Undergrad: 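Can you keep this structure in mind? I'll have questions shortly.
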Amino acid sequence: MKVPFRRDRRTPPPAVPEGAVRVGPLADVPEGAVQRICQNPPIAVLRHGATVHAFEDRCPHAGALLSRGTARGDEVTCPSHKGVFRADTGKSIGEQSCRALRTYEPVVVDGVLYVNPAPREAREARRDVCDRISA
Ligand code: FES
């Protein structure tokens with residue numbers, strides 16, 4: 001099998017995804033706090049050092065803004081009824097059973113954070129959302 005000649009075997013630098021939302025310099029994104037970065041679609045980010053998670057900024061239970069909630073590690077707590085979600089996977093955790101948040105791909109290019117507004121996963125059916133969160 002012939003192996004094509006490659007002069008540079010290093011991984012190419014990440015490219016800015018088409019239609020990506022420019023958030024700004026990564027160093028300017030607050031550490032450990034949920035920050036809304038886009039209205040439509042509603043997207044929030046949570047940064048820990050060089051790690052950034054981007055997720056839907058609307059609670060699937062009753063639509064509260066998670067950017068007004070609190071973060072503890074990678075867990076985000078909804079301000080309305082205290083539903084808890086993983087910022088990295090979007091999964092609902094704790095005693096609640098809720099639809100997962102959509103998550104988005106963050107990309108850092110030359111120290112600037114961008115978020116691809118195309119969700120990583122298809123939207124789940126909204127029929128079976130939030131079994132045990134009392135409104
Ligand atoms: S609106 Fe988020 S838990 Fe109810």
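In this text the structure is predicted, and so the values were computed from the model without any measurement. Atoms within each ligand, like the ligands themselves, are counted from 1 in listed order.
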Undergrad: Suppose we only allow N, O or S atoms; which atom of His81 ends up nearest to atom 4 (Fe) of ligand 1?
TA: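 Atom 4 (Fe) of ligand 1 is closest to the His81 atom ND1, counting only N, O or S.
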
Undergrad: Atoms of ligand 1 less than 4.0 Å from Cys59 heavy atoms?
TA: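 Counting atoms of ligand 1 from 1, those under 4.0 Å from Cys59 are 1 (S), 2 (Fe), 3 (S).
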
Undergrad: Would you say Glu31 has more than 12 foreign heavy atoms packed within less than 6.0 Å of its CD?
TA: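 Correct, the count exceeds 12.
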
Undergrad: Say whether, by atom type as modelled, one donor and one acceptor occur between the side chain of Gln35 and the main chain of Leu46 under 3.5 angstrom.
TA: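 No: the side chain of Gln35 does not pair with the backbone of Leu46.
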
Undergrad: Against heavy atoms of Ser80, which atoms of ligand 1 measure under 4.0 Å?
TA: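 Close to Ser80: 1 (S).
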
Undergrad: Could you please spell out the steps behind the side chain to side chain contact (heavy atoms under 4.5 Å, CB included) verdict for Val112 and Val23?
TA: CA-CA 7 Å; Val112 177; Val23 179; over 6 Å; no

Undergrad: Out of all atoms in ligand 1, which are within 4.0 Å of some heavy atom of Ala62? Include the element for each.
TA: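 Going through ligand 1 atom by atom, the ones under 4.0 Å from Ala62 are 1 (S).
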
Undergrad: Check the surroundings of atom CZ in Arg36: do more than 12 heavy atoms from other residues, nucleotides or ligands lie under 6.0 Å from it?
TA: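 More than 12 heavy atoms, drawn from other residues, nucleotides or ligands, come within 6.0 Å of this atom.
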
Undergrad: Answer yes or no: is there an ion pair linking Arg99 with Glu56, defined by an N-O contact shorter than 4.0 Å?
TA: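 Looking at Arg99 and Glu56, the cut-off is met.
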
Undergrad: Counting backbone and side-chain atoms alike, does Cys78 have an N/O/S atom under 2.8 Å from atom 4 (Fe) of ligand 1?
TA: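 It does not: Cys78 brings no N, O or S atom closer than 2.8 Å to atom 4 (Fe) of ligand 1.
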
Undergrad: What atom name does the N, O or S atom of His61 nearest to atom 4 (Fe) of ligand 1 carry?
TA: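 Of all N, O or S atoms belonging to His61, ND1 is the one nearest atom 4 (Fe) of ligand 1.
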
